Colleague: 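Next up is a structure, given as structure tokens.
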Amino acid sequence: MRIRIQISDSEQIEIECDEGVTSLQLLNMCEQCTRLRDKALVALANGEPIDLNRPITGDVTLRFIGFDDEVGRDVYRHTTAHILAHAVKQIFPEAKLGIGPPIENGFYYDFDVPKPFEPHHIEMIERKMRELIESDTPIERIEMSKHEARELFERLGERYKVELIDEMDEDIVSVYRQGEFVDLCRGPHLPSTGWVKAFKLLHSAGAYWRGDERNPMLQRIYGTSFPTHEQLQAYLNQLEEAQKRDHRRLGRELGLFSVEEDIGPGLVLWHPKGAIIRQLIEDMLRVELVERGYQFVYTPHIAKVTLWQTSGHLSWYRENMFAGIEIEGQEYLVRPMNCPFHILIYKSATRSYRDLPMRLAEMGTVYRYERSGTLHGLMRVRGLTQDDAHIFCTPEQVGDEIEGLIELAYHLLGRFGFEQFEVVLSVRDRSHPEKYAGTPEVWELAERELERVLNKLGIEHKRIEGEANFYGPKIDVYLFDAIGRKWQCSTIQLDFNLPERFDLTYIGSDGRGHRPVMIHRAILGSMERFIGILIEHYAGAFPVWLAPIQVSVVPVADRHIEYASSVASELSKHGIRVEVISRSDTVSAKIRECELRKVPYILVCGDREVRSGSVSVRQRGRKDLGEISVADFLRMLIEQIERKNL
RNA sequence: GCUGGUGUAGCUCAGCGGCAGAGCGGGGGAUUUGUAAUCCCCAGGUCGCGGGUUCAAAUCCCGCCGCCAGCUCCA
């Protein structure tokens, strides 16, 4: 039997060996593999991941995968999840196993237990896991017929596993065993429990079996694992860092916004400092959009029930709408979307092809009933303002419009320092044409155009079949923040349904009526979520153009307050948001306060500065940058603000 | 919405059947300070809301509301 081993991208070796040899043995046998040996967690046999201790039965090309690869990480954590389940079964033999997959930064395992886990249980389980790891129990793959596996798990009383087996198509299934613990599992796994070097259980919470709330609730334990304690610690530190950036905490500390019990969950109060940030962003947006041919409109927040019947929202969005209000025998509903209003503006006159594309924009405040458990600070609310717009255009114009929109999204998000994106194109499920509004021809054209534009712009994207809205395909843009977390942001959605329902037309060059295509789009998404993301992205330290207070002037002693005030009023005359810290305290204390409030510039004024008409500049998070004249500082500051420097 | 946790001063939290506390923040005073906390004094509470148990409830029980984590969903 001949085995080729890919040592690196450019280096390959071939060895002749007996059937039944394992990848692990090969690693130990050949000298060239020394470098691979330390990091290998799993082998890829002709691209298929297999256990290192699984016997190889035919000619094959092997690659070895470590923790630096997603596949390797998944195997490592999947095995940790099995160790978790093993420990839980030892402590709670009556626990029934759910599923236990690896996830983005760790793993979880679901258990059906009579009582939810408590913190001291989690510690007990961790201790037991450590024992299992120390025992270095071999992990063994066993293949058996579906029937045998069913009997095995039936006997063990593992009803969830039996349910999974019953739904499998394969005749042969695999089971992994470590000591007395067995689990239905596709694998692969590490060769033995001792391979797991550093892990931590993070928390537990309820989760429905298969994510369906009609099913019983299982108890899920989350954890993570790494090859070294240092890596684990680094990850834990990162979690802590994320917590420090929590926009709910920073929003309160910096006085940006609040959500009050007396008003209602998910309804945001923008305090003066948060409102300034929002206003500056909206102002920028207005300028950019007007430059690109958008026209701003204002529309009401409620409309008669009949409008929502015509738009169809009543039949497909009702569960997200607030209950109606009755006025003079007419029922009005609070709007969950702005589109019908913009449509009626479009419809208010006969439109010619010369009017298209028509781009109507609005900072549109909408209200959506979101289930209470889903609300989260600014990220998920019930009252939100979208940077919404609706573009009415001919089918032929769709491509150009989409191109403009994607460029706009990259441009605008880039101004806030977002550079890494993930783009998802959602198209229809071709096997169920009856689920969709609009003709197959117009879908075909639109999907082709979206794909073409993305390729033209060289934008890497995922294409997901069947994820389109019933009314049209869409492009969603996700962004990654400063610490690598992914957020949904821009959405660009084609709509073939509403133009139909509202019977929208334009007069073409042929003098006849035609149906326009409508594009719904939001670039920042909603002001609430976007600013929530920004708070976390900047960790509350907004760039100077957005900072609610741009400059704090710190007098060294009380006798310098007058000079400090004159500096402040000079800056203020030029539109700078400035404050004087006039309370009598040490310079250090005053500086500390400014730093905690994340003010970008601190100007210290004492005898020296008064004498020379200057200020000593301290930039946020850095030390003293030295003395500079007020005029020079102002010039530099204004330039930074105008350029919207980050 | 569901499961679990949780709710005490503006914030972070202690108190867990027997007089409502601390630190920070706030106000006042002293100090006059040179780059992340000067000192002293003071005010601040329907212990989330409603009901119950008890001689006595922040504390125990029940219901409701909010918040947190997760499931589900999404701008």
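Sequence lines set the chain letters: A, B, ... in the order given, protein chains first and strands last, and positions in each chain run from 1. Because the structure is predicted, anything quoted here is derived from the model rather than measured. Hydrogens, waters and symmetry mates are skipped; everything else that's a heavy atom, side chains included, is used.
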Colleague: Does Glu595(A) have any side chain to side chain contact (heavy atoms under 4.5 Å, CB included) partners at least two apart in sequence or in another chain, and if so, which?
Modeller: Ile591(A), Ile602(A), Arg618(A), Arg620(A)
Colleague: When rounded to the nearest Å, what value does the distance between C1' atoms of C19(B) and U6(B) take?
Modeller: 27 Å
Colleague: Looking at Trp270(A), does the NZ or CZ of Arg278(A) lie under 6.0 angstrom from its six-membered ring centre and within 45 degrees of the ring axis?
Modeller: yes
Colleague: For ring pair (Phe, Tyr, Trp, His ring centres under 6.0 Å), just list the numbers for Phe111(A) and Tyr109(A), CA-CA rounded to whole Å, side-chain angles, deciding distance to a tenth of an Å, and then say yes or no.
Modeller: CA-CA 7 Å; Phe111(A) 304 95; Tyr109(A) 212 113; 5.1 Å; yes
Colleague: What residues, two or more places apart in sequence or in another chain, satisfy salt bridge (charged side-chain N to carboxylate O under 4.0 Å, His left out) together with Glu467(A)?
Modeller: none
Colleague: Would you kindly give the CG-to-P distance between Asp262(A) and G7(B), to the nearest whole Å?
Modeller: 20 Å
Colleague: Return the pairing partner of C60(B) with a 3.5 Å limit on both distances, Watson-Crick or G-U wobble; otherwise return none.
Modeller: G52(B)
Colleague: Just jot down the side chain to side chain contact (heavy atoms under 4.5 Å, CB included) partners of Ala87(A), sequence neighbours excluded, or say none.
Modeller: Ile125(A), Lys128(A), Met129(A), Leu132(A)
Colleague: Would you tell me if any nitrogen or oxygen in the side chain of Gln219(A) comes within less than 4.0 Å of OP1 or OP2 on C71(B)?
Modeller: no
Colleague: If the C1' atom of C74(B) is compared with that of G1(B), how far apart are they to the nearest Å?
Modeller: 16 Å
Colleague: To the nearest Å, how far apart are Ile263(A) CD1 and C65(B) P?
Modeller: 19 Å
Colleague: Return the set of residues passing salt bridge (charged side-chain N to carboxylate O under 4.0 Å, His left out) with Asp624(A) (not counting sequence neighbours), or none when no residue passes.
Modeller: none
Colleague: Residues from residues 522-540 of chain A sitting under 4.0 Å of RNA chain B, heavy atoms only?
Modeller: Gly525(A), Ser526(A), Arg529(A)
Colleague: Could you go over nucleotides 43-47 of chain B and give all protein N or O partners under 3.5 Å, atom names and distances?
Modeller:
none

Colleague: Of the candidate nucleotides C74(B), U3(B), G1(B), which contains the atom at the shortest distance from the side chain of Met217(A)?
Modeller: U3(B)
Colleague: With a 4.0 Å cut-off on heavy atoms, is Cys594(A) in touch with a base, just the backbone sugar-phosphate, or nothing at all?
Modeller: nothing
Colleague: Run the side-chain donor-acceptor check on residues 530-538 of chain A: report pairs under 3.5 Å with partners two or more places apart or on a different chain.
Modeller:
unit_1    : atom_1 : unit_2    : atom_2 : d
Glu536(A) : OE1    : Arg485(A) : NH1    : 3.0
Glu536(A) : OE1    : Arg485(A) : NH2    : 3.1
Glu536(A) : OE2    : His247(A) : N      : 2.8
Glu536(A) : OE2    : His247(A) : ND1    : 2.8
His537(A) : ND1    : Ala482(A) : N      : 2.9
Tyr538(A) : OH     : Phe416(A) : O      : 2.9

Colleague: Just to be sure I understand the geometry, which residues of residues 369-376 of chain A put a non-hydrogen atom under 4.0 Å away from RNA chain B?
Modeller: Glu370(A), Arg371(A), Ser372(A), Gly373(A), Thr374(A), His376(A)
Colleague: Quantified in whole Å, what is the P atom distance between nucleotide A43(B) and nucleotide G27(B)?
Modeller: 16 Å
Colleague: I'd like the C1' distance from U12(B) over to C55(B), given in whole Å.
Modeller: 36 Å
Colleague: Examine C71(B): is either OP1 or OP2 under 4.0 Å from a nitrogen or oxygen in the side chain of Tyr222(A)? Give yes or no.
Modeller: yes
Colleague: For this output row, return yes or no: ring centroids of Phe421(A) and Tyr410(A) closer than 6.0 angstrom.
Modeller: yes
Colleague: Over how many whole Å does the gap from Asp112(A) atom CG to U3(B) atom C1' extend?
Modeller: 13 Å
Colleague: Using a 4.0 Å heavy-atom cut-off across all strands, classify Arg248(A) as base, sugar-phosphate, or nothing.
Modeller: sugar-phosphate
Colleague: Looking at Glu401(A) and Arg359(A), is any side-chain nitrogen of the basic one under 4.0 Å from a carboxylate oxygen of the acidic one?
Modeller: yes
Colleague: Can you confirm whether or not the ring centre of His342(A) sits under 6.0 Å from the ring centre of Phe392(A)?
Modeller: no
Colleague: Report the residue (Arg252(A) or Gly377(A)) whose heavy-atom-nearest nucleotide on RNA chain B is the more 5′ of the two.
Modeller: Arg252(A)
Colleague: Determine the Euclidean distance between corresponding P atoms of C49(B) and A9(B); express it in Å to zero decimal places.
Modeller: 10 Å
Colleague: Have a look at Val381(A) and say if it touches a base, only the backbone sugar-phosphate, or nothing, with a 4.0 Å heavy-atom cut-off.
Modeller: base
Colleague: Reading nucleotides 33-38 of chain B 5' to 3', which nucleotides get B (base under 4.0 Å from a protein heavy atom), which S (sugar-phosphate only), which -?
Modeller: BBBBBB
Colleague: Looking at C47(B), which nucleotide sits across from it as a Watson-Crick or G-U wobble partner, both distances under 3.5 angstrom, or is there none?
Modeller: none
Colleague: Can you check the Arg220(A) CZ to U3(B) C1' distance for me, whole Å?
Modeller: 12 Å
Colleague: Is it true that the NZ or CZ of Lys486(A) lies under 6.0 Å from the centre of Tyr478(A)'s six-membered ring and within 45 degrees of the ring axis?
Modeller: yes
Colleague: For Glu163(A), what residues pass the salt bridge (charged side-chain N to carboxylate O under 4.0 Å, His left out) criterion, not counting sequence neighbours?
Modeller: Arg210(A)
Colleague: Using atom CZ of Phe117(A) as one end and atom P of G70(B) as the other, report the distance to the nearest whole Å.
Modeller: 18 Å
Colleague: Suppose we call two aromatic rings close when their centres sit under 6.0 Å apart. Are His271(A) and Phe257(A) close by that rule?
Modeller: no
Colleague: Between atom CG in Asn469(A) and atom C1' in A75(B), what is the gap in whole Å?
Modeller: 13 Å
Colleague: For the P atoms, the ones on G15(B) and on G21(B), what distance do you get once it is rounded to whole angstrom?
Modeller: 15 Å
Colleague: Who pairs with Asp388(A) by side chain to side chain contact (heavy atoms under 4.5 Å, CB included), at least two apart in sequence or on another chain?
Modeller: Asn338(A), Gln386(A), His390(A)
Colleague: Would Arg335(A) pass as a cation-pi partner of Phe341(A), given that its NZ or CZ must be under 6.0 Å from the six-membered ring centre and within 45 degrees of the axis?
Modeller: yes
Colleague: If you measure from the C1' atom in U46(B) to the same atom in U8(B), how many Å do you get, rounded?
Modeller: 12 Å
Colleague: Any strand is fair game: report the nucleotide pairing with G4(B) by Watson-Crick or G-U wobble, both distances under 3.5 Å, or none.
Modeller: C68(B)
Colleague: C1' atom, U59(B) versus G18(B): distance in rounded Å?
Modeller: 11 Å
Colleague: Can you work out whether Arg380(A) or Ser204(A) has the more 5'-proximal nearest nucleotide on RNA chain B?
Modeller: Ser204(A)
Colleague: Does the ring centre of Phe496(A) sit less than 6.0 Å away from the ring centre of Tyr436(A)?
Modeller: no
Colleague: Does Asp387(A) have any salt bridge (charged side-chain N to carboxylate O under 4.0 Å, His left out) partners at least two apart in sequence or in another chain, and if so, which?
Modeller: none
Colleague: What is the distance, to the nearest angstrom, from the CD atom on Glu261(A) to the C1' atom on G50(B)?
Modeller: 14 Å
Colleague: With both distances kept under 3.5 Å, what pairs with C13(B), Watson-Crick or G-U wobble?
Modeller: G21(B)
Colleague: Rounded to whole angstrom units, what separation is found between the CG atom of Asp246(A) and the P atom of C68(B)?
Modeller: 9 Å
Colleague: Within less than 4.0 Å of OP1 or OP2 of A75(B), is there a side-chain N or O belonging to Gln488(A)?
Modeller: yes
